[in-house]
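Below you'll find the structure, written out as C-alpha cells, and then a few comments.
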Amino acid sequence: MFDAGRNIMFQEALEGKADIVDVVVVGAGAAGLSAALFLTRARRSTLVYDGGPTRDSVIEQVHEFLGYEGITPAELQARGRAEVVRYGGEIRREAVLKIEPRPDGLFDVWSRQGMVTARAVVLATGLVDVLPSVPGLREGWGRDVHVCPCFSGYEVRDKHLVAFGLAELLAQLGSFLTAWSPSVTVVTPHEFDSTALDRLHELGVEIVRDEVTALVRQDGRLVSVSTAGGTEVPTDAVFVAAPLRAASDLPASLCEVNEAGFAVTDADGRTSRPGVWVVGNANDPIGHLAHATAAGARVGPWVVNYLIELSRSRKTA
Ligand SMILES: Cc1cc2nc3c(=O)[nH]c(=O)nc-3n(C[C@H](O)[C@H](O)[C@H](O)COP(=O)(O)OP(=O)(O)OC[C@H]3O[C@@H](n4cnc5c(N)ncnc54)[C@H](O)[C@@H]3O)c2cc1C
C-alpha cells in the first residue's frame, strides 16, 4: 500500500507545520484529477478543490473513452478520486472563490474555509453549455437532448434526429449527423449560404426554416419539436449547437483569456502567467474526456519542473 507519509511537505501542511502546498488543482473532472494523479505520484503536495458536478454528470453512460465504454460518470469520478487520494492527494469538496498572486510568485487560494498558499496552480474548471431557453429542453439534457454525436450518435443511430441552435455551427452539425442517421432535420430561422445549403441538400438533410419553441414528450418519450410557425417536426433525439463559455472566472482573473473566458494557453496548458496552467474544457472547449485526461497528464511534468526550478532559485537567492 502507498505510504502517504512520504509526501512530506503535504503532511506538514496538513499538520499545520507549514501553510504552503506545492499545487492547488481547481476542478476534479477528468482534467483536474489526471493532473493531480501525476503530481501526487511525482510526490508534490497536491490539494484539489471541487465545487460542483462535472459537465458530463447529466449522462447515464460515458462513451468514446477507450477502456471505459459505458461506465457511469459517477463511477469514473469515484475511481479517479480514489487514485489521487491513494498517492497522498487531498480533495476538498468546495469551490475556490478567488486566487491572489503574491509578490513572491506564490498564490493565495481562497475558499469559504479560508486560505491556502500554493506554489503553482492548475485550473481545470471546465465550461458551461449555454442552453437556449426552450421548454422541454433542459429536462432532457444528456438524455434525449444531446451536445455532440461523438458521445451519443451511436445510441440514436437511424432514428429521426433534429438539430437546432447556433447558426454558425448548425450546417456542420447537420451534415455531421448524417454519419449516424439518414433522417436528419435542421430547424433554424437563419439562411445558410449557398455552399452550406448545397452540402446539406446533397447529404439529404431536411431544412425547416423556423424557430424551435418547444420539445414535446408523450409518456416521457420525446416525439417532436414544435416551431413558432406551428410545425411539428417528429423526432427521437435532438442535438443542440449551444454557445459555450468558461465555467469559472478564475482563469480570467489570472491569465489571458478569449472573449468566452477560455484561457489562452500553449499546447501544454501553459498560460500567460508563470505558475498557472489551465487544462481540459477550460482551455479546450471541444475536448472529450480522453482529451481532458491527456491534457491533465501532459501538464504534470511541466508543473513538476517549474516547482524544482522555483525551489532551486529560492535556495540560490
Ligand atoms: C451532455 C454531455 C455528454 C457528454 N458525454 C461525453 C462522453 O460520453 N464522452 C466524452 O468523452 N465526453 C463527454 N462529454 C464531454 C465531457 O463532459 C468533457 O470533455 C469533460 O467533462 C471535460 O473535463 P474537464 O475536467 O475539463 O471539465 P469537467 O469535467 O466539467 O470538470 C470541471 C470541474 O471543475 C469544477 N469547478 C469549476 N469551477 C470551480 C471552482 N471555482 N472551484 C472548484 N471547482 C470548480 C466543476 O464543478 C467541475 O467538477 C459530454 C458533455 C456533455 C455536456
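Computed from heavy atoms alone, side chains included, the values below leave out hydrogens, waters and symmetry copies. Owing to the predicted nature of the structure, the values given are computational and were not obtained by experimental measurement.
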Taking every non-hydrogen atom, the tightest pair across [X] and [Y]:
| X | Y | value |
| --- | --- | --- |
| V184 | G174 | CG1-O, 3.7 Å |
| A292 | A30 | CB-CB, 4.1 Å |
| T40 | G88 | CG2-C, 4.4 Å |
| V187 | D210 | CG1-O, 3.4 Å |

When you check the gap from the basic side-chain N to the acidic O, do [X] and [Y] get nearer than 4.0 Å?
| X | Y | answer |
| --- | --- | --- |
| R217 | D144 | yes |
| E309 | R312 | yes |
| R92 | E90 | yes |
| D219 | R221 | no |
| R79 | E75 | yes |
| D50 | R93 | no |

Could you tell me if the side chain of [Y] sits less than 4.5 Å from the side chain of [X], heavy atoms only?
| X | Y | result |
| --- | --- | --- |
| V276 | F107 | yes |
| V257 | F262 | no |
| W141 | L131 | yes |
| D236 | V156 | no |
| V122 | V303 | yes |
| W110 | V96 | no |
| D104 | R314 | yes |

Do [X] and [Y] sit in one hydrophobic cluster, given that two such residues count as connected whenever their side-chain heavy atoms are within less than 4.5 Å of each other, even indirectly?
| X | Y | value |
| --- | --- | --- |
| V279 | L37 | yes |
| L254 | V264 | no |
| L106 | Y306 | yes |
| V299 | V23 | yes |
| Y154 | L173 | no |

Can you tell me which residue among L161, L177, V186 is in a side chain to side chain contact (heavy atoms under 4.5 Å, CB included) with V205?
V186
Among E60, H63, H146, Q61, find the one that has a side chain to side chain contact (heavy atoms under 4.5 Å, CB included) with E155.
H63
Do D158 and S181 meet the criterion of a side-chain donor-acceptor pair at a distance under 3.5 Å?
no
Under 3.5 Å, is there a donor on one side chain and an acceptor on the other for E232 and S224?
yes
Check the pair H160 / S183 against side chain to side chain donor-acceptor pair (under 3.5 Å), numbers first and verdict last.
CA-CA 5 Å; H160 297 298; S183 172; 2.7 Å; yes
In terms of the angle between their ring planes, are W180 and F176 parallel, tilted or perpendicular, with boundaries placed at 30° and 60°?
perpendicular
Please tell me whether F151 and H288 form a close aromatic pair, meaning their ring centres lie under 6.0 Å apart.
yes
